[in-house]
Amino acid sequence: MSEEEAYEFVKGTLKKERITPYTEDEIPVINSVSACINCGLCINHCPVVAAVGVDVFSGPRSIAVELSRSPPEYWATADKVYLCTGCGTCREVCPKNVDIPEVVNIVRRRIFEHRPDLVPKGLHAVRETLRTHNLAFEPWADIKEKNESREMRLERLELPLVPDRHVSDAEVLFYPGCQAEERSQEVREAAKIILDHFGVNYTLLEDMTCCGLPARLIGDDATARSLTEKLKRDVLATGVRKVLTTCAGCTGNLSHISERDHWDIPTQHLLEFLVEDVGMERLAESLGKGTKHEDVTVTVHDPCHLTRHASRHIMDYALEILSLIPGVRVSASALHDSCCGGGGMVSYHSSEVANAVVSENLVAIDATGAERLVTPCPLCTAQIESNLFKAGSSVEVDDLIVFIAQMLPKE
Amino acid sequence: MTEDCYDVVVVGGGSTGTAVARDCAMRGLRTLLLERDDIASATVGTCAGMISSGLKYMDEPEIVDMCSQEVVHFNHIARHIIMKNPILTPMLEMSDLSTGGNFAEEYSKRAATRDVPPVLFLTPEDSRAIEPSLHPDIIASMYFEEFFIDPFRLCLLQALDTRVHGGEVRTYCEVLRIAKDPDSKCYSVDFYDRTTGEMGTVLTRTVVNAAGPWAPRVAKSAGATVEIRPNKGAHVIFDRRIVNVGVVTKAVDGRMIYLFPHENTTLLGTTALDSWEDPDTLVATQDEIEYLIKSIEFVVPRIREARIIRTMEGVRPLIPTWKIPEGEVSRGYEVIDHESEGKPGIYSFTGGKLVMARHMAEAVTDLVCKRLGVDEPCRTHEKPLPGNEEDVDIEELAREYGVSLHALERMRARRGTEVREILEMTREHPEWKTTICTCEPVIEAEIRYSIREEFPQTLNDLRRRVRLGTGTCQGTFCTYKAAAILAEELGLESDDYLVDILDFRAERWKGIRPVIRGEQLAQEELAQGMYACVGNLDQSDIEYEMKPWEEGM
Amino acid sequence: MHMETEVLVIGGGLAGLVAGTRAAEAGHRVLLVQKGHGATAYSSGAFDVIGYLPDALEPVANPVEGLSVLAQVYPLHPYSIAGFPVDVESGGESAVVLALVSETVEWLKDRLDKTPAALSGGLDSNLVAMTVLGTTKPTCLLQKSMVSIPEMEGEEDGVLLFAGVRGYADFAPGAAAKVFLRDRMMNKKYPQKIAHCQVRVSPSGTDYNISGVEIARHLDHPGSIDSLAKELAVYIDQFGATDVALPPVLGIQNAISNKEALEERLGVRVFELLGLPPSVPGLRLQNSLEQMYLESGGALLRGHEVVSYTMEGDRLISVQTKGPSREIQISAQAFVLATGKFIGGGLSGDKDGVREIVFDLMSVTGEFVSAEEASPSRSTSKLAVSPLGQPVLSNGVSVDSFLRPVKRNGLEWTTNLFSAGSIIAGYNYATEKSGLGVAATTGYTAALRVTEYLKEVAQNE
């Protein structure tokens, strides 16, 4: 055999034995998982275990000491590993900060490669959408209908329509993410309103494409990489010095890929930009003038992708901003930082699990006596809103960015 | 009184002893195996489990032929406990190639019979694509394929098959004396039963001494002589598969060592030092540990980042050839017929390797049969070992019984078709679907099945059968849970329950202590927190028997 | 991103949270940065102060006696160092140490009183707690859902029922019953009528693979205690039980009220046993301590690890912390290092030695020689579990009489870094049964020293 034939043969054997070599960026994750001492603290805090029990979801502990140890048998983890919402609560409480959410992705990657028949059907559907449209949601076929939907939402929320901004000398890029682009358009609009109000020199992308997080969560490494490559090209072509987003999932993912792929520009959630760049003084001035939220009690939900994939202090910003709005009282939920179940793509194939995860949150939300719930993530918003509705609750849900935009004086 | 006479008593329950007992029983001989500890508790229990086609024996082509054929037999009779071991031998210098020379030829000649490719050569780029952790400066690598077998399962299945064919297996029975019985033409074998504390005697026409490192002692107890060259070897074990394929390389002193991913761990081995220490007291030394790590570091530079969970140390009973380096000692085996010493019907082994166990058994069983006038052919290479009868559909079973896929897959790797019987137990006792060892994982049903069918006396014995406590936490969490199950199944007293816990902690610590560092320090703090701080077992007043390796602080 | 505070506590276990709370109560602005949970969250429900003196084979008669001996005979034990008399007229070493530990314990009992981790007991006597293994251990305080065995010893006709939960493998009532019975017979104490049973608590509808936290969460829901009571009643009746021992899963929030409800309904004493990780009592303790800290006005930053620091002269100025994907620089006037041992991540070891992770402070063994070149495997005992313990677990940083980590020359590394908890060398909490007591006392004391330091700094300015 020639050397090329030899290599092909060996690759074939590895494929038959279901072995996929670890890549460079997987090795630090595997090293972190090696630190697990099997103590099970993660089990005490995992929201999926809390919802469905250790028998259904053996939990982060088992993922660390058991499910991630035997590469040729990764396929045998398929009945557990897709139930992880990726919230990162386990990693945060772990004495060793074992990186369970990332090892879940590594395992899913291998199942996708070697046993795609075991990947839940609902995920294949999303994958198709990603590969066809470079978006995680099916885009509107008719742009007119998309705009009509947008106008209806803006009208209901009493928000003005600010024109899109595409400039070549922008300082920052505003990246709404797939959900705000194609579904929760009010979030995209609200961000524009805010950026416009504070005179930020921002631009949008001509072609808004997915940051790749859903592909990573499905285990489709190839699609994830091609999406992140495209996004890097498009982002760097704008020449901006910072990327802003209104989606917690995008915040976490963009922070990860911008470092991994050497974008060399920071990515932030809009909340961070508002507090750190615009500043509390200007915020106080602008928010103090608005009249929309005269007398309302709100409760806040902390998106896991902000608190546990970016940093906890970002939600301190949310509270600081809310404190600037006269007439708004914050009533903290005992489970404000407990996962809403919307992550990890769980709701695409096991919605009963995702909804079981959020069910305790609903009780705690109810106990706050708040009329509204605000959260800076369209995914959490959708998940909590639909579950509150199903539970017959009167609590209404707003994306925090929309809530803030509503407070700004109208020009 | 010849009616109470066994045809053969086999001393030693390692790979050879259990193979002999199986062959004898299958040929209709009245067979008894006496093992002073547990099945596979010595040499074969501390080896890597490789059934190699002869990396070491290229200078002995007949042996290579034999091993190659034995691999084929194993694949037939024990397919369910065999795993493929693809191996890369990376080379950093041209001189690394010359060691390969003869090997590649000899290996490739017989490759087709074992259904593996001939030795292949890969470019450095391709090598690193297959195994990214290899050193960037490698110039090429050689690729070939070998097989692993689970040594514990092999020995246990051979023992169980012995019983199936009417033979008896008794563990914790130490042979003390073998003497000609004055009243018959048989030998009387006196032994001490460590579980009951009682002495026993049986009569037998023949004795096969398969006691490995203790072969000289057993021979002496029969008034015969056996000499071996005892040679110890250590392994370092990592918590998970840290390389994708096996890596073989030249060690610090030019010997070959290996880093093999093995089930859900990785084994780094092995050393070879002549040693006359009592095998029961041996633990891996700092020299051996650093020797192994330093050696593999040449080709896997980031090895020190990986987590080591334990070490193990065992003794090889080599054929006594002196004044040559250990590496030049033949790895074949010898059968000694003690007739020349006036002890006809007593046979001893020296040398041998795991892969030859069945062949060794056949050779000596032929002798025994000839002596007894029994004319039965050997069929040990034809009849599959228990559990290997057919494939098992894990996904179907997971659905039917509601047990996790991974737990079943790991169980299947150990037991093949026995999985079904174990799951049947959960119909009446659904609570036995509970995971007891979370590292592996092992469910309660498998533990109870093993206790009922596979005669473990201690948690350590259970460990050999179900891999309890072999994971990253090294039994921190499963020890007390499994001890309660063992106590219940065997009806043990409370002292025994606590002693079982302490004994297993001691046995695990034996392997952890020499190499404790990094994450295992946190693991040990946790274990101390549980068993000492909370459980207060450090202050327990139960009678704890010091283990051989614990004596002499 | 930059934050500024007066007192920065590094580490969010019992030591750090006590230090932070005490400092906040003293009026300081406190920020506590927590990388993850640690050994505190594994707590069995017992609060150890001193169970056994170093190398002892008998428990101390009571913590007061134990502490007195430590103060006189083991001057480098953390209790002794914490209680180092700054004022020699205060009545001798023992008196000072006792006063300090007593103050700490009373303070902590008070702060935890309305929480799920409320404690009963005191320094003047050791309680004897029972574990899920059926063994017993001396301890100082117990969570109120638990009971000290001597309370049962008066009843000659007492019948103790160990009740396990089917499918919950962390507690085997049969094994525990046998172990405890043996203990009773050997020590000629009551109760000597022991029974065991399994009840069904099925939070997710199955009878297998049930974790403690699921049971506890389930029992927190109002009304769920009813079916447990019904099941227990059957066995209590069958065995004539007067006392029922349960694994520590009676609830996360409501264990104490659940215990009381069961006692009222069943007419017998009901209590929880000490549990092994991942324990619910530990969860209660960790949650309650964090709540206590937040209520005192302290700020908590989770998920961040200190990765570097800046110094100016002999003072620590700031630290750099790393979160999941953000970095925050935190400057402070005074710092408390309460990072734990190997579990908590304060110390790490490789084949050659043991190192302190955050500031690379000098690390020492329990004998106060350098641990940096002391191979961990040589700092261990051949015996896995014995009163000798594992010497490597006594490693840590050496501190001066103000609880400040010191350098090789014995002087403080900086004037404003203090230390608390198991990062401190010189004791073995697993064999002494002294973990939470040392953590709380050194945490409490560190806060006092911080206040003194800041007052001094303010005066000098």
Side-chain angles (χ1 to χ4, degrees), chain A residues 35 37-46 49-59 61-62 88-99 101 251-256 258-259 266-269 272 275-276 304-314 316-317 334 337 356 360 363, chain C residues 1-3 12-13 33-42 167-168 170 202-218 220-221 252-253 276-280 282-283 286-287 291 299-305 321-328 340 342-345 348:
Chain A
I37 51 179
N38 206 9
C39 70
L41 281 189
C42 49
I43 302 280
N44 283 355
H45 293 268
C46 173
V49 169
V52 298
V54 153
D55 185 60
V56 172
F57 180 58
S58 50
R61 168 201 223 175
S62 100
T89 306
C90 49
R91 179 174 59 195
E92 194 182 51
V93 303
C94 175
K96 303 288 156 201
N97 301 127
V98 171
D99 199 349
T251 307
N253 195 44
L254 290 173
S255 303
H256 167 84
S258 60
E259 200 185 302
T267 59
Q268 283 185 328
H269 191 281
E272 300 176 80
V275 170
E276 292 174 16
C304 299
H305 281 270
L306 277 185
T307 52
R308 302 191 179 95
H309 292 259
S311 174
R312 280 274 186 171
H313 77 280
I314 301 176
D316 291 341
Y317 289 167
D337 61 352
E360 294 285 312
V363 174
Chain C
M1 182 47 210
H2 183 261
M3 287 183 185
V33 78
Q34 183 193 66
K35 177 171 85 89
H37 288 174
T40 300
Y42 301 155
Y168 173 64
D170 295 12
S202 199
S204 308
T206 61
D207 275 340
Y208 47 92
N209 272 331
I210 302 175
S211 62
V213 73
E214 285 169 70
I215 302 175
R217 236 179 233 121
H218 173 76
D220 266 350
H221 291 136
I252 302 174
Q253 300 298 324
L276 296 170
S279 71
V280 174
L283 182 60
Q286 183 72 32
N287 288 350
Q291 195 186 325
L300 178 59
L301 177 63
R302 289 187 215 272
H304 282 257
E305 185 182 355
T321 68
K322 193 166 192 309
S325 47
R326 298 287 184 270
E327 289 193 17
I328 303 178
F342 296 106
I343 292 173
S348 86

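Just so you know, these numbers come straight off a predicted model, no measurement behind them. Below, chains carry the letters A, B, ... as their sequence lines are ordered, and counting in each starts from 1.
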ask   = Looking only at heavy atoms, which two atoms of A:G53 and C:S204 are closest? And how far apart?
value = CA-OG, 3.8 Å
ask   = Given that the side chain runs from C-beta out, which part of C:H2 has a heavy atom under 4.5 Å from chain A: side chain, backbone, both or neither?
value = neither
note = Of all heavy-atom pairs linking C:P324 and A:A310, the shortest is CD-O, 3.3 Å
Contact origin within C:H304 toward chain A - heavy atom pairs under 4.5 Å = side chain
ask   = With only heavy atoms counted, which part of A:V52 is less than 4.5 Å from chain C, the side chain, the backbone, both or neither?
value = backbone
task = Please list, chain by chain and in numerical order, all residues satisfying ring pair (Phe, Tyr, Trp, His ring centres under 6.0 Å) with C:H37, sequence neighbours excluded.
result = A:H45
ask   = Which region of A:C94, side chain (C-beta onward) or backbone (N, CA, C, O), has a non-hydrogen atom less than 4.5 Å from a non-hydrogen atom of chain C, or is it both or neither?
value = backbone
ask   = Could you give the distance from CE (C:M3) to CG (A:D316), rounded to the nearest 0.5 Å?
value = 6.0 Å
ask   = Is A:E272 salt-bridged to C:R326, going by a charged N under 4.0 Å from an acidic O?
value = yes
request  = Using modelled atom types only, decide if a donor and an acceptor are shared between the side chain of C:S325 and the backbone of A:H309 within a distance under 3.5 Å.
outcome  = yes
key: Backbone N/O of C:K35 and side chain of A:N97: donor-acceptor pair under 3.5 Å   = yes
query = Counting N and O atoms only, with roles assigned by atom type, does the side chain of C:R217 sit under 3.5 Å from a partner on the main chain of A:N44, one being a donor and the other an acceptor?
reply = yes
note = Those residues at least two apart in sequence (or on a different chain) that pass side chain to side chain contact (heavy atoms under 4.5 Å, CB included) with A:T267 are A:V243, A:L254, A:S255, A:S258, A:W263
Contact leader toward chain C among A:K96, A:H256, A:R308, where contacts are heavy-atom pairs under 4.5 Å = A:K96
key: Region of A:I37 in contact with chain C, defined by heavy-atom distances below 4.5 Å   = side chain
query = In terms of heavy-atom pairs under 4.5 Å with chain A, which of C:R302, C:H218, C:Q34 leads?
reply = C:R302
task = Look only at the side chain of A:E276 and the backbone of C:M1, and say whether a donor-acceptor pair between them is shorter than 3.5 Å.
result = no
query = Relative to chain A, which segment of C:I343 carries a heavy atom at a distance below 4.5 Å: side chain, backbone, both, or neither?
reply = both
ask   = What part of C:I328 lies closer than 4.5 angstrom to a heavy atom of chain A: side chain, backbone, both or neither?
value = side chain
inquiry  = Counting heavy-atom pairs under 4.5 Å with chain A, which one of C:L276, C:I210, C:T206, C:L283 comes out on top?
reply    = C:L283
query = Do you know which of A:Q268, A:R91, A:H313 has the most heavy-atom pairs with chain C at a distance under 4.5 angstrom?
reply = A:H313
remark   = Highest number of heavy-atom pairs under 4.5 Å with chain C among A:G40, A:A51, A:G252, A:S58 belongs to A:G40
